[in-house]
Amino acid sequence: MRTFCILMIAAMCVAAAAETAVTPRPVAVTSRQGVFQMDSSTVLAADPRAPQASRLLSHQLALKSADSIKACGNCVHITVVPGLAVPSDEGYILEVTPNSVEIRGKGPAGAYYGAQSLLQLLNSAKQVPCVRIEDYPRFQWRGMLLDPARHFIPKQAVLKLIDEFAAQKMNVLHLHLTDDQGWRVEIRKYPRLTEVGSMRKETRAGHEREAKGFDGKPHGGFYSQADIREIVAYAADRFVSILPEIEMPGHAQAALAEYPELGNTGEKLEVFTRWGVNKNVFNVNESTILFLQNVLDEVLMLSPNKFIHVGGDEVPFDQWKASPAAQARMKELGLKSEAELHGYFIRRMDQFLTKRGRRLVGWDEILEGGVDRSATVMSWRGNKGGIAAARLGHDVVMAPNSHTYFDYYQAKSPSEPLAIGGFVPLEKVYEFDPVPPELTAEEGRRILGTQGQLWSEYMPTPERVEYMAFPRSTALAEVAWTPKARADYADFLRRLRGFEQRWKSRGVNFRPTPAQ
Ligand code: TNX
């Protein structure tokens with residue numbers, strides 16, 4: 001009787017673990033009695049249409065491949081079932097019985113996410129609790145932004161982050177490849193962009209307002225085209241699309257340092273060593289538009305993503321106001337304000353990308369000069385840009401600094417490492433709803449999803465990037481995946497312990513979440 005009770009309790013514990021183990025929290029979980037015990041004779045029978053799921057499991061679990069792709073005893077079976085009753089290709093059904101594990105994805109991505117969930121269910125004794133999980137994402141855009149422009153992030157560190165974001169079922173990695181402080185992608189037609197533009201002589205120490213001087217250390221680095229292709233392929237194997245961003249017409253100083261003719265003053269500039277909004281912006285001459293389109297052409301060759309980001313944010317108009325060439329251009333085009341000139345510039349890029357079958361993405365400032373509905377808007381200055389854009393019929397990604405800026409402090413403790421400012425603690429991220437209540441149901445459908453930002457002015461190393469990303473990106477991943485009605489912060493915190501184990505074993509520098 002005693003043994004029976006202990007067994008029952010053990011089985012119940014494993015069953016309870018099933019409900020709590022998977023993050024983001026699945027749409028529906030039915031726990032059952034018993035466990036599947038994985039052992040050295042367990043085989044993997046995988047549909048050739050799901051190579052990514054199969055690779056993930058064979059790497060992580062060192063399973064042997066079955067002779068046949070049919071389900072069998074003591075087997076992990078992966079199939080793609082296009083008619084599966086879930087609403088998206090990213091959806092899956094995972095069924096674990098004492099005899100087998102069955103992963104059915106509606107598409108290859110669904111099979112991959114089913115495999116990720118299975119890895120989370122597996123305990124250290126290689127047991128998986130019996131369970132049926134039906135799961136699919138709330139949003140199609142579940143993104144993170146990395147900023148290798150401010151502090152370069154070596155390729156290996158990017159690949160490690162891709163593994164972590166994919167484990168959270170995130171599917172977009174936005175790479176902010178150019179800014180005032182560095183140009184980080186090789187462009188064959190203009191090699192000086194990286195020869196000169198990828199290196200700054202030193203970096204502002206501390207915050208701008210403290211005027212503490214500079215660190216005196218050169219900082220640089222860039223991705224070759226081969227590096228970008230490798231990152232794109234590595235990410236694609238994990239169902240992560242790389243969203244490349246080439247900033248324009250502002251945040252341009254690293255390019256102006258080699259090509260002053262792209263600017264407004266002819267002044268000889270160096271790669272910027274300070275932070276903040278910079279008045280040195282591209283001009284709107286036809287030759288400059290052409291130059292930047294040539295840059296984009298090379299980026300299109302590197303990235304198959306239909307979305308391409310051109311920035312568009314934080315463009316001070318001082319230089320355009322003072323420039324006879326910019327004023328003449330406005331007159332020639334019949335434009336009444338510099339904001340309209342900004343709109344003209346972005347529309348030219350939008351038309352260029354649209355012609356090539358791609359879609360422009362820009363920060364919410366692009367709405368101010370008028371832009372066609374084909375442009376997708378990333379709302380960063382709170383929700384208002386996103387609300388306006390959705391009402392105008394644009395697709396929208398919600399990335400408000402109030403909830404998704406992971407460069408802001410995550411705790412008020414004086415022992416937190418120096419950050420840019422602000423305060424975005426874990427719970428605030430978790431409470432975020434990407435669909436603002438102001439929108440009608442119809443307008444709300446314009447919200448593609450959400451994205452977390454790791455602006456790296458104050459993240460000098462990949463370890464610091466990890467510290468700022470984890471666990472807040474995990475909370476955002478749940479916001480982006482889990483139905484709103486299934487959100488439960490206390491339960492999320494409990495499940496987070498599983499991710500903390502994962503991060504420990506993989507050497508990820510996360511911020512431990514204190515017991516509540
Ligand atoms: C604003 S967000 C910026 C970035 C900075 C960030 C720092 C956006 C479109 N522009 O250039 O890195 O604030 O929080």
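Starting from 1, each residue takes its place in the sequence as its number. No experiment lies behind these values; they were computed from the predicted model shown. For ligands, and for the atoms within them, numbers begin at 1 and follow the listed sequence.
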| field | R184/D179 ion pair, N-O < 4.0 Å | value | no
| said: Does the structure place the NZ or CZ of K155 under 6.0 Å from the centre of the six-membered ring of Y223, at an angle of no more than 45° from the ring's axis? | reply: no
| said: Tell me whether E442 at atom CD has more than 12 heavy atoms from other residues, nucleotides or ligands lying less than 6.0 Å away. | reply: no
| Would you call R204 and E208 a salt bridge, using N to O less than 4.0 angstrom? | yes
| said: I want to check something: taking the side chain as every heavy atom from C-beta on, are P483 and R25 in contact at a cut-off of under 4.5 Å? | reply: no
| task | Measure the shortest side-chain to side-chain distance between L292 and M349 over non-hydrogen atoms and say whether it is less than 4.5 angstrom. | result | yes
Please produce the table of protein N or O atoms sitting under 3.5 Å from N or O atoms belonging to ligand 1, one pair a line, distance to 0.1 Å.
residue  : atom   : partner : partner atom : Å
ligand 1 : 10 (N) : D313    : OD2          : 2.8
ligand 1 : 10 (N) : E314    : OE1          : 3.4
ligand 1 : 11 (O) : R150    : NH2          : 2.9
ligand 1 : 12 (O) : R150    : NH1          : 2.9
ligand 1 : 12 (O) : E457    : OE1          : 3.3
ligand 1 : 12 (O) : E457    : OE2          : 2.7
ligand 1 : 14 (O) : D407    : OD2          : 2.6

